[in-house]
> 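This structure is in structure tokens; I'll ask about it shortly.
Keep in mind that the numbers below use all heavy atoms, side chains included, and drop hydrogens, waters and symmetry copies. Treat the numbers as computed from the prediction; the structure is a model and nothing was measured. Chain A is the first sequence line, chain B the second, and so forth, proteins listed ahead of strands; every chain is numbered from 1.
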2 protein chains.
Amino acid sequence: MSEPAKRPLTLRDVSEASGVSQMTVSRVLRNRGDVSENTRLRVLAAAKALGYVPNKIAGALASNRVNLIAVIIPSLSNMVFPEVLNGINDLLDDTGLQPVVGVTDYLAEKEERVLYEMLSWRPSGIIVAGLEHSDASRAMLKGAGIPVVEIMDTDGKPIDAMVGISHRRAGQEMAQAILRSGYRRVGFMGTKMAHDHRARKRFEGFTQALAREGVEIEDRAFYSGGSALVKGREMTREMLERSPDLDFFYYSNDMIGAGGLLYLLEQGIDVPGQVGLAGFNGLDLLQGLPRQLATMDACRREIGQRAAQIITARLADPPQEIESQVTLAPVISYGQTLKRR
Amino acid sequence: MSEPAKRPLTLRDVSEASGVSQMTVSRVLRNRGDVSENTRLRVLAAAKALGYVPNKIAGALASNRVNLIAVIIPSLSNMVFPEVLNGINDLLDDTGLQPVVGVTDYLAEKEERVLYEMLSWRPSGIIVAGLEHSDASRAMLKGAGIPVVEIMDTDGKPIDAMVGISHRRAGQEMAQAILRSGYRRVGFMGTKMAHDHRARKRFEGFTQALAREGVEIEDRAFYSGGSALVKGREMTREMLERSPDLDFFYYSNDMIGAGGLLYLLEQGIDVPGQVGLAGFNGLDLLQGLPRQLATMDACRREIGQRAAQIITARLADPPQEIESQVTLAPVISYGQTLKRR
DNA sequence: CTGAAAGCGCTAACAA
DNA sequence: TTGTTAGCGCTTTCAG
């Protein structure tokens, strides 16, 4: 339980302490191959007494097996991604596979670096957010020779497997719901989306579906940084001053939508009578607001789970057959800010 | 840029492709030792052309150096921890060190497993949330022979380094502020805190400081799971019905506090006149609420940064001297739900 | 059921 | 500036 611990302990130390060959110790510690109960106990006792912790680096090199799954996401501040991670964690928890997370900050260049770094640990699989990658990243992904699951988005062609929703479609459906409800003068607010392809696709789908009915977005605003709730308030106030005739605000995420909702209610504006609202993501948070914001579930947790499932299926021996291009169907939640027709 | 890639490429492949010894290739790829510009370029070209990705497993085994920092936290759903991670990421970004995250779900037993798993990768340092660990975990931490930084909490004796705030103190100070403002009939709401030692310590500090002035908590409620905002609403409604005489609600986190705030405002209750409110954490979110909730900053990002700083300082060659028991001083933000006296 | 030998892909240390 | 040699700590493979 307590030693000087200068040089980390090796299998050899356990071998000597237990009077059993290093190989047998290895077998015991991995539950591999037949070992007599007697020696098994001797070895376990010795390992525990010494406080031995195996060296996976050496193990991985020798066995050419690494129990790591690389997970590459754009951000940790976004609420959305920790939930995806939770889904992945969930499913991986009993499989002996360990997720390792890398963050790209929505930068293709950083994605490249993170990917390179991760691949150099020779993980058994990769889960990466989005379908858009630099040529170099794409080449690495293709060349890695391991299962690759691109998640969140299905508007495009995956390198290997993919799990997500169609953001273009999500935008379209929301536009249709809005028009069906009779709103016509629509404003849009969202993040600056130079690098957020999913937000961009939702926006495109949204405007296209409006256009099909001869409707055009009348005002728009973009933000970056700061508290989303506050930004939602501010942008909504400004837009309302600028374009007082708008009868609908579509927000690219629930958090700014919530800010807008709070602001409008404070102003005594009739929601959804005078102005309708909708966000995106289906955050838990919305349940607790004074009025439930219309939104669309992004299936975050399920995406994580399905992605992990695909990886484990592929890695199973023999590999399990499994659907590897999964488009989840998010459902509009009308809440109380979008009239239902 | 494109090969069959069945067997992953090795240094040898690059060596052969460039006509330079494997050792020199290794040197080039690590920017180590003097290499003529000429061969440097040749090697780089070859590596790139082949799409070579180094094998860190082998590198780590040979050099006995691993650029990983283990980070062990209780949860990813809590908002709080991703922010700490951001702080760590921030500071580690240019150091060549890579955080690897493990999640314990507030379970000592899982902490033990995760820790064992992580240590078996022989990381260069560990950052772990909290000061409470099982004996086995403590033994591993001590025996690992690497810098260990315990974060978030400083009410206790660290194994090695520590960065955080005193949650006991935080509870006390909030109690004092509440009493100073003239509130006397206090209710408490929080998570079930069997395993959340920091919440427990805040609670203890809080009740003690009240007791010193002869005040006792009059009602309390605990929750687990579900949307915190909704729970905050519900618990507040129930408590108010049960104990209509209360003049203050202290919430163990901002999210349930926000729920309570929204509920009370909807009920037309005068905040902070009739009832005062305070939460804990200093979430960004609060800025956007109809009224700013009193809270106390938990210094999440800074904790992450300082912890990472300690690790990098210790790992520097030669090791830099650096303060390794850091107690940050969170400041009360009175907001608009706690009268200022 | 147990052990001995070889080697995973890389880097430290030395030699040229 | 470049190359050679010997492992790092483990597991695979094969032999007992």
Side-chain angles (χ1 to χ4, degrees), chain A residues 5-44 46-47 50 52-68 96 117 119-124 144-145 317, chain B residues 5-44 46-47 50 52-67 96 117 119-124 145 317:
Chain A
K6 205 59 269 180
R7 171 182 61 75
L9 297 161
T10 71
L11 224 39
R12 235 188 108 124
D13 297 309
V14 182
S15 162
E16 284 170 4
S18 63
V20 175
S21 87
Q22 171 173 322
M23 194 52 235
T24 300
V25 173
S26 168
R27 281 196 269 255
V28 170
L29 264 21
R30 286 176 300 143
N31 294 311
R32 212 53 75 93
D34 293 322
V35 180
S36 78
E37 187 60 10
N38 196 317
T39 50
R40 214 180 70 81
L41 294 175
R42 280 237 309 282
V43 168
L44 254 20
L50 293 174
Y52 173 70
V53 176
N55 185 332
K56 288 217 185 200
I57 308 246
L61 183 63
S63 67
N64 195 27
R65 259 192 297 262
V66 182
N67 68 339
L68 263 23
E117 177 79 14
L119 285 180
S120 71
W121 286 103
R122 300 285 187 268
S124 298
D317 184 30
Chain B
K6 204 57 270 180
R7 172 182 61 75
L9 297 161
T10 70
L11 224 36
R12 237 188 105 129
D13 297 308
V14 182
S15 163
E16 284 170 5
S18 62
V20 175
S21 86
Q22 173 173 320
M23 193 56 229
T24 300
V25 173
S26 166
R27 280 195 271 253
V28 170
L29 263 23
R30 285 176 299 144
N31 294 312
R32 212 52 75 93
D34 294 320
V35 180
S36 79
E37 188 59 11
N38 197 317
T39 49
R40 211 179 73 82
L41 294 175
R42 280 237 308 282
V43 169
L44 254 19
L50 293 174
Y52 172 70
V53 177
N55 184 332
K56 287 217 186 201
I57 308 242
L61 184 62
S63 67
N64 196 27
R65 259 191 301 258
V66 183
N67 69 339
E117 177 79 14
L119 285 179
S120 72
W121 287 103
R122 300 286 187 270
S124 297
D317 185 30

> Which atom names give the shortest non-hydrogen contact between B:L29 and B:A47, and what distance separates them?
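What the structure gives for the nearest pair is CD1-CB, 4.4 Å.
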> Under 3.5 Å, is there a donor-acceptor pair between the side chain of A:S120 and the main chain of B:N55?
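Looks like no, no N/O pair under 3.5 Å.
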> Just checking, any donor-acceptor pair under 3.5 angstrom between side chains of A:S26 and A:R30?
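Their side chains do contain a donor-acceptor pair, which is all the 3.5 Å distance test asks for.
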> Please give me the minimum heavy-atom distance between A:I57 and B:L61, naming the atom from each residue.
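Looking at all heavy atoms of both residues, the closest pair is CG2-N, 3.7 Å.
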> For chain B and DNA chain D, what are the first and last nucleotides along the strand, 5' to 3', with at least one atom under 4.0 angstrom from a heavy atom of the protein chain?
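On DNA chain D, the outermost contacted nucleotides are D:dT1 to D:dG9.
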> Can you name the closest pair of heavy atoms from B:V35 and B:R32 and give their distance?
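The answer is CG2-O, 4.4 Å.
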> Compare every heavy atom of B:A17 with every heavy atom of B:L50, then report the nearest pair and how far apart it is.
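Scanning both residues completely, I find the closest heavy atoms to be CD1-CB, 3.9 Å.
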> With a 4.5 Å cut-off on side-chain heavy atoms, are A:V20 and A:V14 touching?
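No. Closest side-chain heavy atoms not under 4.5 Å.
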> Any protein N or O atoms within reach of nucleotides 14-16 of chain C? Criterion: under 3.5 Å, listing atom names and distances.
none

> Would you please name every residue forming a side chain to side chain contact (heavy atoms under 4.5 Å, CB included) with A:L41, sequence neighbours left out?
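Partners of A:L41 under the side chain to side chain contact (heavy atoms under 4.5 Å, CB included) test: A:E37.
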> When the C1' atoms of the five terminal pairs at each end define the local axes, what inter-axis angle does the helix from C:dC1-D:dG16 to C:dA16-D:dT1 show, to 10 degrees?
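Terminal axis comparison yields 30°.
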> Do B:K56 and A:E117 pass the side chain to side chain contact (heavy atoms under 4.5 Å, CB included) test, and can you show the C-alpha distance, the side-chain angles, and the key distance before you say yes or no?
CA-CA 9 Å; B:K56 287 217 186 201; A:E117 177 79 14; 3.0 Å; yes
> Could you tell me whether a side-chain N or O of A:R42 sits under 3.5 Å from a main-chain N or O of A:S18, the two making a donor and an acceptor?
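Flag set: sc A:R42 to bb A:S18 pair under 3.5 Å.
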> Does B:D34 reach the side chain of B:R27, with side-chain heavy atoms less than 4.5 Å apart?
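Answer no - side chains too far apart.
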> How would nucleotides 5-10 of chain C be written as a contact map, 5' to 3', with B for base contact, S for sugar-phosphate-only contact and - for no contact, using protein heavy atoms under 4.0 Å?
--BBBB
> Is a donor on one side and an acceptor on the other found under 3.5 Å between the side chain of B:S15 and the backbone of B:L11?
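Pair absent, no side-chain N/O of B:S15 close to backbone of B:L11.
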> Within residues 32-39 of chain B, find the residues that approach DNA chain D with a heavy atom at under 4.0 Å, and present them sorted by residue number.
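Listed by number, they are B:D34, B:V35, B:S36, B:T39.
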> Does the side chain of A:Y52 come within less than 4.5 Å of A:V43's, by heavy atoms?
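No. Closest side-chain heavy atoms not under 4.5 Å.
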> Is there a side-chain contact between A:W121 and B:V53 in this structure, where contact means two heavy atoms from C-beta onward sitting under 4.5 Å apart?
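Sidechains of B:V53 and A:W121: no contact.
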> Counting distance only, does the side-chain N/O of B:R122 pair as donor-acceptor with the main-chain N or O of A:P54 below 3.5 Å?
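Yes, because the side chain of B:R122 sits within donor-acceptor range (under 3.5 Å) of the backbone of A:P54.
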